[in-house]
Amino acid sequence: MSDNQQRRVDLRSDTVTQPTPAMREAMMAAPLGDDVFGDDPSVNALQARIAGITGKEAALFMPTGTQSNLCALMAHCERGDEYIVGQSAHTYRYEAGGAAVLGSIQPQPLTQGAMGEMQLADIAAAIKPDDIHFARSRLLCLENTWNGHPMSLAYLAQATGLARERGLATHLDGARFFNAAVATPEAGADAHAAARHIAGYFDSVSVCFSKGLGAPVGSALCGSRALITRALRWRKMLGGGMRQSGVLAAAASYALDHHVERLAQDHALAQRLAKGLAGIDALTVRSAQTNIVFVDVADGRAPALLAHLEQHGVLATGLIGLRFVTHLDVDEAGIDHALACVHQFFGEQAGTAPRVQAAGPAVY
Ligand SMILES: *Cc1c(COP(=O)(O)O)cnc(C)c1O
């Protein structure tokens with residue numbers, strides 16, 4: 001067996017997890033029906049559950065986060081409306097321009113700070129007056145966590161408050177919503193209370209089950225009954241009307257029962273990785289509070305480091321900076337193996353003085 005086969009530590013994304021045996025059992029046991037008829041008990045149970053957790057009237061199970069965000073944008077906005085969004089936000093940058101292509105919705109992207117925040121003054125200035133020259137400013141879209149950073153409650157309150165004051169609706173792309181909830185203890189006594197509190201700032205929230213929660217497939221859009229009714233039509237049009245999808249919903253429900261609180265372990269592993277890398281001079285570690293660690297590599301050596309890691313079964317992503325993501329299928333031994341490989345590459349022993357750039361609460 002090569003080293004590669006002995007150890008594989010896949011830190012490319014939290015989407016690479018395999019369903020656990022217990023999750024597969026839950027999928028096997030799920031009662032099913034045709035969800036386009038509204039008949040799938042497992043889908044209905046999941047939708048009721050996630051609506052309850054987020055404190056919304058209704059929810060809709062979706063095949064992907066991309067479709068969930070797109071249905072949300074199309075349910076909030078009409079042709080000729082615009083939505084305000086971060087320049088690097090997933091919905092704007094990484095979803096193939098779906099809002100513009102399929103929704104005839106004009107994005108108004110704004111520069112973001114290090115924590116993903118758009119300046120309140122920029123948001124205010126971007127909201128267009130009601131004038132025939134302008135698109136109708138209709139929606140503000142935020143993302144939490146953003147690059148692994150949980151947004152501060154103060155910022156969420158200010159940004160969504162401004163939007164509401166100016167008559168805009170608000171949507172949260174919460175692909176890693178529960179990572180944010182777990183990493184924002186001031187939002188609530190436990191992860192579910194924190195989730196409800198964070199969701200409370202927004203008219204709609206999209207959450208992914210297929211990232212840190214470890215389900216194989218699926219997201220949910222949560223919002224008012226009226227919004228979800230509109231989103232249901234868009235989901236059908238976009239090809240997201242699934243049939244016995246309870247087999248997937250059961251995995252998501254299992255994840256809500258068993259994989260939310262444990263996200264704290266992923267966050268601790270990311271910290272372990274960040275601390276272990278911090279002593280290496282050639283690296284600048286941008287430590288997140290959740291499950292993502294970004295590392296800038298000096299002297300253009302990132303591709304060589306990436307190749308070295310891959311040879312030893314450690315997978316990451318990145319070209320200039322590397323990105324490592326912890327998840328359900330990584331443990332301490334895996335992180336320590338990854339650290340040993342990085343140290344080996346730089347020909348050093350374990351690090352000394354920490355050089356982690358603190359990613360503390362943002363100053364907005
Ligand atoms: C992954 C992700 C999504 C949705 O991705 P899908 O692959 O379509 O499920 C949306 N927003 C953010 C921030 C993401 O990381």
Side-chain angles (χ1 to χ4, degrees), residues 10-17 19 46 50 54 59-74 76 83 85-99 101-103 107 109 112 115-118 139-151 156 170-183 195 198-199 202 204-223 231 234-235 238-240 242 245 248-249 251-252 255 263 266-267 270 288-294 316-318 323-328:
D10 193 343
L11 301 168
R12 288 173 302 167
S13 177
D14 45 10
T15 56
V16 301
T17 54
L46 172 67
I50 190 67
T54 55
L60 200 51
F61 187 49
M62 302 271 185
T64 64
T66 297
Q67 188 170 103
S68 183
N69 282 325
L70 180 56
C71 285
L73 294 172
M74 292 173 75
H76 279 294
Y83 83 111
V85 62
Q87 186 77 45
S88 309
H90 202 278
T91 54
Y92 173 61
R93 196 180 171 101
Y94 297 101
E95 294 179 9
V101 175
L102 301 168
Q112 292 165 278
M115 300 291 165
E117 81 285 7
M118 297 172 264
L139 178 74
L140 174 69
C141 180
L142 301 183
E143 186 176 314
N144 192 20
T145 61
W146 186 81
N147 274 352
H149 298 293
M151 295 200 122
L156 294 181
T170 51
H171 173 69
L172 178 66
D173 175 1
R176 297 189 174 89
F177 176 69
F178 286 102
N179 295 88
V182 166
I198 293 170
F202 296 89
S204 59
V205 178
S206 172
V207 306
C208 284
F209 302 112
S210 57
K211 292 199 166 156
L213 294 187
V217 172
S219 289
L221 177 64
C222 312
W234 291 128
R235 188 187 70 170
L238 295 170
M242 300 182 287
S245 41
L248 302 172
L263 290 170
D266 298 348
H267 301 175
Q289 291 110 312
T290 62
N291 67 329
I292 307 181
V293 179
F294 288 93
T317 56
R323 189 185 83 154
F324 300 88
V325 187
T326 57
H327 51 73
L328 194 60

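Everything numeric here is computed off the predicted structure, so don't read it as measured data. Any value given below was found using the heavy atoms of this structure, including those in side chains, with hydrogens, waters and symmetry copies removed. Counting convention: from 1, in listed order, for ligands and their atoms alike.
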Donor-acceptor contact below 3.5 Å, side chain [X] vs main chain [Y]:
| X | Y | answer |
| --- | --- | --- |
| Thr290 | Gly148 | yes |
| Arg323 | Arg12 | yes |
| Ser245 | Leu248 | no |

Which protein N or O atoms sit under 3.5 Å from any N or O of ligand 1? Give atom names and distances.
unit_1   : atom_1 : unit_2 : atom_2 : d
ligand 1 : 8 (O)  : Gly65  : N      : 3.4
ligand 1 : 8 (O)  : Thr66  : N      : 2.9
ligand 1 : 8 (O)  : Thr66  : OG1    : 2.6
ligand 1 : 9 (O)  : Gly65  : N      : 2.8
ligand 1 : 11 (N) : His90  : ND1    : 3.4
ligand 1 : 11 (N) : Asp173 : OD1    : 3.1
ligand 1 : 11 (N) : Asp173 : OD2    : 2.6
ligand 1 : 15 (O) : Arg176 : NH1    : 3.3
ligand 1 : 15 (O) : Lys211 : NZ     : 2.6

Taking side-chain hydrogen bond (donor to acceptor under 3.5 Å, both in side chains) as the test, write out the residues that go with Thr170, two or more places apart. Asp203
Quick one: closest heavy-atom pair of Ala252 and Leu46, and the distance? CB-CD2, 3.7 Å
Atom pair CG/CE of Leu221 and Met62 - distance to nearest 0.5 Å: 5.0 Å
